[in-house]
**Q** 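The following block contains the structure, expressed as structure tokens.
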Amino acid sequence: MKKLAIFFLIVIIIVVGISYLYLNYKANYYTAKRENEQFVSYDGQEIYGNELTTIINKAVDNNEKNEIQKDNKGKYINNDNNSIQIEIKMLDNDKIYSMETFYEGGMDKFIQYYSEIKFKCTKIEYHTVTNRVKYMLFEQITQ
């Protein structure tokens, strides 16, 4: 009788452990999916500078919330988990700028100069482990 009770106890512990791992996996999956929806909807879309400002603010907020480290130039370091990097290619000088450049310069100035300019998201990359958005490239399409 004692062996039977130990057997059932071990089976219950195994089932609870597997259930915990599965539920934890599903929670992480849906969290990543919800966070991705903020960014993936812009893939291939033309947007104005105002919306791009919102996207940059969301990315910076996400990086700050997840405590992403910065390098010596003030750019967020890719952590292969939940960091987001956004780059903007400008037609004016055919140069690519990081989101930190505009954010540190003041998003109000970006809005002032680029609110009526159209941009298009031309590239999205994902973290391989978590499948969260890792990188986005927006290109200026109007001047």
**Q** Please report the interatomic distance CD1(I86) to CG(L52), rounded to the nearest 0.5 Å.
**A** 7.0 Å

**Q** So, taking the atom named NZ in K118 and the one named CD in E51, what distance separates them when rounded to the nearest 0.5 Å?
**A** 10.5 Å

**Q** So, N66 versus N63: side-chain donor-acceptor pair below 3.5 Å or not?
**A** no

**Q** If you draw a 6.0 Å radius around NZ in K33, do more than 12 non-hydrogen atoms from other residues or ligands fall strictly inside?
**A** no

**Q** Could you check whether any side-chain N or O of N79 sits under 3.5 Å from a backbone N or O of S83, counting only pairs where one atom can act as donor and the other as acceptor?
**A** yes

**Q** Supply the atom-to-atom distance T101 OG1 to K95 NZ, rounded to the nearest 0.5 angstrom.
**A** 8.5 Å

**Q** According to a 4.5 Å side-chain heavy-atom criterion applied to Ile, Leu, Val, Met, Phe, Trp and Tyr, with indirect links allowed, do I96 and I56 form part of one hydrophobic cluster?
**A** no

**Q** Closest approach of N50 and I111, non-hydrogen atoms and distance?
**A** OD1-CG2, 3.6 Å

**Q** Is the Y25 ring parallel, tilted or perpendicular to the Y29 ring (thresholds 30°, 60°)?
**A** parallel

**Q** Kindly indicate, with the supporting measurements, whether the criterion side chain to side chain contact (heavy atoms under 4.5 Å, CB included) is fulfilled by I47 and I55.
**A** CA-CA 10 Å; I47 60 172; I55 296 167; 3.6 Å; yes

**Q** Whether K75 and E100 form a salt bridge (side-chain N of Lys/Arg under 4.0 Å from carboxylate O of Asp/Glu) is what I want to check.
**A** no

**Q** Apart from Y20 itself, which Ile, Leu, Val, Met, Phe, Trp or Tyr residues share its cluster (side-chain heavy atoms under 4.5 Å, direct or through members)?
**A** L21

**Q** Check which hydrophobic residues are tied to I18 through side-chain heavy-atom contacts below 4.5 Å, counting indirect links as well, and list them.
**A** I6, I10, I14

**Q** In this structure, would F138 and I141 fall into the same cluster of hydrophobic residues linked by side-chain contacts under 4.5 Å?
**A** no

**Q** Let's go through K109 and F102 carefully: what are the C-alpha distance in whole Å and the side-chain angles of both, what is the deciding distance for side chain to side chain contact (heavy atoms under 4.5 Å, CB included) to 0.1 Å, and is it a yes or a no?
**A** CA-CA 8 Å; K109 288 183 182 178; F102 294 114; over 6 Å; no

**Q** If I compare all heavy atoms of E35 with all of F39, which pair ends up nearest, and what's the gap?
**A** O-CD1, 3.5 Å

**Q** Take a 6.0 Å sphere around OH of Y103 and say whether it holds more than 12 heavy atoms from other residues, nucleotides or ligands.
**A** no

**Q** Looking only at non-hydrogen atoms, find the nearest pair between T53 and M107 and report the distance.
**A** CG2-CE, 3.4 Å

**Q** Apply the test side chain to side chain contact (heavy atoms under 4.5 Å, CB included) to residues L91 and I117: give CA-CA distance (whole Å), side-chain angles for both, the deciding distance (0.1 Å), then the verdict.
**A** CA-CA 11 Å; L91 286 178; I117 304 296; over 6 Å; no

**Q** Between Y76 and E64, is there a side-chain donor-acceptor contact under 3.5 Å, judged purely by atom types and distance?
**A** yes

**Q** Does CD belonging to Q112 count more than 12 external heavy atoms closer than 6.0 Å?
**A** yes

**Q** Is the shortest heavy-atom distance from the side chain of V133 to the side chain of V40 under 4.5 Å?
**A** yes

**Q** Under the rule for salt bridge (Lys or Arg N to Asp or Glu O under 4.0 Å), what residues qualify as partners of K89, not counting sequence neighbours?
**A** D94

**Q** How close do M136 and C121 get, counting heavy atoms only, and between which atoms?
**A** CE-SG, 3.8 Å

**Q** Do S98 and E87 get their side chains close enough for a donor-acceptor pair, meaning under 3.5 Å?
**A** no

**Q** To the closest 0.5 Å, what do you measure between CD1 (I124) and NZ (K134)?
**A** 13.0 Å

**Q** If you group Ile, Leu, Val, Met, Phe, Trp and Tyr by side-chain heavy-atom gaps below 4.5 Å, do L9 and V16 land in one group?
**A** no

**Q** Are Y48 and F119 an aromatic pair by the rule of ring centers under 6.0 Å?
**A** no

**Q** Decide side chain to side chain contact (heavy atoms under 4.5 Å, CB included) for K70 and I77; before the verdict, give the C-alpha distance in whole Å, the side-chain angles of both, and the deciding distance to 0.1 Å.
**A** CA-CA 5 Å; K70 291 185 176 182; I77 300 171; 5.7 Å; no

**Q** Which atoms form the tightest heavy-atom contact between N82 and N62, and what is the distance?
**A** O-ND2, 3.2 Å

**Q** So, for I84 and M99, which heavy atoms are closest and what is the spacing to 0.1 Å?
**A** O-CE, 3.2 Å

**Q** Is the number of heavy atoms from other residues, nucleotides or ligands within 6.0 Å of NZ (K26) greater than 12?
**A** yes

**Q** When you look at E139 and K120, which way does the salt bridge (charged side-chain N to carboxylate O under 4.0 Å, His left out) test go after all the steps?
**A** CA-CA 5 Å; E139 294 185 19; K120 184 175 184 177; over 6 Å; no

**Q** Could you tell me whether K123 and E125 make a salt bridge, using a distance below 4.0 angstrom between a side-chain N and a carboxylate O?
**A** yes

**Q** Heavy atoms, side chains only, cut-off 4.5 Å: are Q140 and I88 in contact?
**A** no

**Q** Working to the nearest 0.5 angstrom, can you tell me the gap between Q85 CD and L137 CG?
**A** 12.0 Å

**Q** Is the backbone N or O of N81 less than 3.5 Å from a side-chain atom of T130, with the two atoms forming a donor-acceptor pair by type?
**A** yes

